[in-house]
**Q** 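Could you have a look at this structure, given as structure tokens, before my questions?
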Amino acid sequence: MKRIIQVFLLVALISLAVGPVSAGKIKIVASTPDIKDMVLNICGDDVEVQSLMSGVENHHAVPLKPSFLVALSRCDVLIVNGLEYEHAFLPGALMSINNPDVKKGASHYIDTSKYIRPCEIPDKIDLSLGDLHPLGGPHIHIEPGNGILMCKVIYEEMIRLYPENKDKWKTAYETYIKRIYVKMKELQEYVKGTEGLKVVFYHPGWEYLTDRFGWKKVSYVESRAGIPPTPKHISQLTKTVRNENCKLLAIETCYSLKIPNYVAKKTGAKVISIPHHVNAMPGCETYIDFIDTLVRKIADIGREVSIEREGYGNGERKRQRKRKKRRQE
Amino acid sequence: MKTHTYLYILIIFALMGFNDICFAQDDLNVEEILKEAGSAREKEKQPEKDEIEKIEKQSGEYKGFKLPWFSSLQNPSLGVVVDVLMQSSDRKNSHDSANRIDMREAELILYSNIDPFIQGNVLIAMGGHHGVEVEEASLLCTGLPFNLQLKAGKFLPQICRLNKVHTHDLPFVEHPVTMQNFLGAIEKIEADDFSLDCEPHFCASGAELAWLAPTKYYWRIIAGMLNGFSQRGEDTFYAQFIQRVDGVNPAYRNFDDFAYTVSSKWFFQLNQNHSLKINLSGIFDSPDSDNSRKTQSVAMTYKWFPLKSGLYKSLEWSTEAFFNQEKFNSPEIVNTHGFYSYVNYKLNRLFSIGVIGEWSLFRYDSGKKAIHLGTALSYQPSERQRVRLEIGYYDREAWLNAAAAAAGKIAGDGKFWQVLIQWSAVMGSHVHSYE
């Protein structure tokens, strides 16, 4: 009995001896590496940012690691993608920690989807339709215009919490969103000639990207979000790809290529792996690089498959060759 | 001269063509950028405003509402887990308990934040051995300083590797026999045929204080004080074993008659894809009496979860050893121990396979041992349901003979093969906290 009381006293003493987290940099936890990069570009050296996701994983299969609890317990601010993107790991983690300021809706919980008009909002909320995104497509970061709006939320909320840094962060924020904007315009110019490109993706939520760059989402490999494709759906998808004369399956790198390759073999379409986050592939170390890699990958292969499509004459082929030559130069 | 003129014209046109993408960043207007950033979807077909509002309302997230629209808004999250089990075995003298289809358990789970400082959690279990039972009802205070959390009520204490894991989330269909032996409680033997039915885990009323240490790695220390660990009252197997009808019921409960728990949990991220979890637990029940009991466990779990392909491949290997020192209404201490070890490997997005092996001495008799070997194939078509086929061999003959002899009954068949098919599904809200 004495030992038990001693253990209790020891624990109590240690806990009293531990003071609050040392002052200095603002400790931020970002749910994704994309948000981490945005925060670092806006707030610079004033913050220390840790991302819960590394970027290679599927957001539906992020394991709730105890290390998340350590990070969330000690952070000053939590910045999330929002629209239930972090449903697999964040609600459980927030239930397990003390830090009341970073719980959903609290003062230091920043939701970057605030200004986004969601795409693919389900007509009906019913689990028979799969693991739905009830608020609409949460993959907002894949589109540079959305990226700018996410930065706007980060900037506005950060200066609300830390107004003393407003002047410093304003300059960095404006410079950064201008860089994203310039990249967006550059990519819009780059994709010219691929307008109307028909694409199949794996997991729902890609209309943000297709809307921005003038492409057309034909279908998804997953029949319902989060539900592996059934043989019936694969057969239906094959028919759709054939009927729509779609020649490209762009598959997020976190998904298996087995079924897309099967569909491609049946239809003569091409399959490419595309990044879905910062760090998902080499060359995607920053948000701007990620967007650049993603769009160029689809546009480049899009040009190749477009040549084989009906309705593309010699003029287009010449333009393709010129662009290729320019890139090589 | 003519060629040069064409060249100049071409250069001028080229410069004009690229002008819109080669502009200086400084000339850009932030307001114009923000306006254009949100414009991509404006051009396309958009859901009607009413439709969006309808969806947002249904999701409970629509910020446009100023007031709650129905009074049940503050109701707790509700979820139900249904667990159906079909079992078949070649066990003799067991009547209908060998071959059956059961609704093993339906768990009604209610969870809610109560105020900024505490959360409430209630789990009502239906089916199983006890009909309808409040298995857990607890309050958790997360508003304490220094990362301390206080829990009070009836709950599964945070000890050992699997004690807090609910039945439908277990790595196999049933709790390991070794765990049942050291953390569970054998029910009173009523009939001549029996199969050592027992409450498989330790659930009790009490209070628990958890502390997340300020270390780089996850280190959590939990200390608890609970009403009881070993069931020793009347109508228990314990009373039958010590051959006292009323069991052990102290007239006045002293602080020495409670059960105290201490556990320490570490988590090490070895690299991006590999991790190691270590649990140490100790339970001290009625420490200063002739019915005292001390149980210790050490568990290690290695996990390989490749982040890039975690949806398709992963592996978990977990081993736990138990050590028990117990007095059965006498000064003599009975020392027993046992272990279990299992591996679960995810074959692809839908299927996973596991094997389990265990060996344990009977808690009541250090001379009697049992073994269990099993394998299971799980099919998980979505995050919300699982079908599992398990085949196992059990040798608990010595345990059954010892228990039957103590209870003055005839033993059942302790060596048998068993096939289990489990189908479990989650309805409604089901968010797990970490442990």
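Excluded from the calculations below are hydrogen atoms, water molecules and symmetry mates; all remaining heavy atoms, backbone and side chain alike, are included. Below, read A as the first sequence line, B as the second, and so on, with proteins coming before strands; counting in each chain starts at 1. Since this is a predicted model, take the numbers as computed values, not measurements.
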**Q** Output all residues satisfying side chain to side chain contact (heavy atoms under 4.5 Å, CB included) with Ser273(A), sequence neighbours left out; order by chain, then residue number.
**A**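 By the side chain to side chain contact (heavy atoms under 4.5 Å, CB included) rule, Ser273(A) matches Leu257(A), Met281(A).
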
**Q** Counting heavy-atom pairs closer than 4.5 Å to chain B, which one of Ile97(A), Val62(A), Leu94(A), Ile180(A) comes out on top?
**A**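 Answer, by heavy-atom pair count under 4.5 Å with chain B: Ile97(A).
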
**Q** Taking the six-membered ring of Phe268(B), is the NZ or CZ of Lys277(B) close enough (under 6.0 Å from the centre) and on axis enough (within 45°)?
**A**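 No; the conditions do not both hold, so Lys277(B) does not lie above the ring face of Phe268(B).
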
**Q** Taking Val30(B), Leu212(B), Leu311(B), Ile33(B) one by one, which has the highest count of heavy-atom pairs under 4.5 Å against chain A?
**A**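 Top count of heavy-atom pairs under 4.5 Å with chain A: Ile33(B).
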
**Q** Looking at Lys185(A) and Glu189(A), does any basic side-chain N land under 4.0 Å from a carboxylate oxygen?
**A**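 Here Lys185(A) does not pair with Glu189(A) in a salt bridge, since their nearest N and O are not under 4.0 Å apart.
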
**Q** Identify which of Ala61(A), Pro228(A), Gly105(A) forms the greatest number of heavy-atom pairs closer than 4.5 Å to chain B.
**A**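 So the answer, after comparing Ala61(A), Pro228(A), Gly105(A), is Pro228(A).
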
**Q** Indicate yes or no for a side-chain donor-acceptor contact from Asn279(A) to the backbone of Ser54(A) under 3.5 Å, with no hydrogens or angles considered.
**A**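 A pair under 3.5 Å: yes.
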
**Q** Identify which part of Tyr111(B) has an atom lying under 4.5 Å from any heavy atom of chain A, answering side chain, backbone, both or neither.
**A**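 Side chain of Tyr111(B) only, per the 4.5 Å heavy-atom cut-off to chain A.
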
**Q** Does Glu222(A) have any side chain to side chain donor-acceptor pair (under 3.5 Å) partners at least two apart in sequence or in another chain, and if so, which?
**A**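 Per chain and number, Glu222(A) pairs via side chain to side chain donor-acceptor pair (under 3.5 Å) with His203(A), Arg349(B).
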
**Q** For Tyr173(A), which atoms come within 4.5 Å of any heavy atom of chain B: side chain, backbone, both, or neither?
**A**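 Interface part for Tyr173(A): side chain.
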
**Q** Could you check His276(A) against His59(A) for side chain to side chain contact (heavy atoms under 4.5 Å, CB included), going step by step and ending with a plain yes or no?
**A** CA-CA 10 Å; His276(A) 58 297; His59(A) 76 108; over 6 Å; no

**Q** May I ask you to name which of Asn99(A), Asn146(A), Leu149(A) has the most heavy-atom pairs under 4.5 Å with chain B?
**A**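 Of Asn99(A), Asn146(A), Leu149(A), Leu149(A) has the most heavy-atom pairs under 4.5 Å with chain B.
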
**Q** Measure the spacing between CG of Leu276(B) and OH of Tyr217(B) and express it to the nearest 0.5 Å.
**A**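 Atom-to-atom, Leu276(B):CG and Tyr217(B):OH are 11.0 Å apart.
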
**Q** Identify which part of Ile116(A) has an atom lying under 4.5 Å from any heavy atom of chain B, answering side chain, backbone, both or neither.
**A**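 Answer is neither: Ile116(A) stays 4.5 Å or more from chain B.
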
**Q** Given that the side chain runs from C-beta out, which part of Thr253(A) has a heavy atom under 4.5 Å from chain B: side chain, backbone, both or neither?
**A**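 Backbone plus side chain of Thr253(A), per the 4.5 Å heavy-atom cut-off to chain B.
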
**Q** Could you tell me which of Asn113(B), Leu144(B), Asn348(B), Thr215(B) has the largest number of non-hydrogen atom pairs under 4.5 Å with chain A?
**A**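 Most pairs with chain A among the choices: Thr215(B).
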
**Q** With a 4.5 angstrom heavy-atom cut-off, which part of Ala210(B) approaches chain A: side chain, backbone, both or neither?
**A**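 Answer is neither: Ala210(B) stays 4.5 Å or more from chain A.
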
**Q** With only heavy atoms counted, which part of Lys303(B) is less than 4.5 Å from chain A, the side chain, the backbone, both or neither?
**A**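 For Lys303(B), no heavy atom lies under 4.5 Å from chain A.
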
**Q** Which distance, rounded to the nearest 0.5 Å, do you find between the OH of Tyr312(B) and the CG of Leu347(B)?
**A**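 Going from the OH atom of Tyr312(B) to the CG atom of Leu347(B) covers 14.5 Å.
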
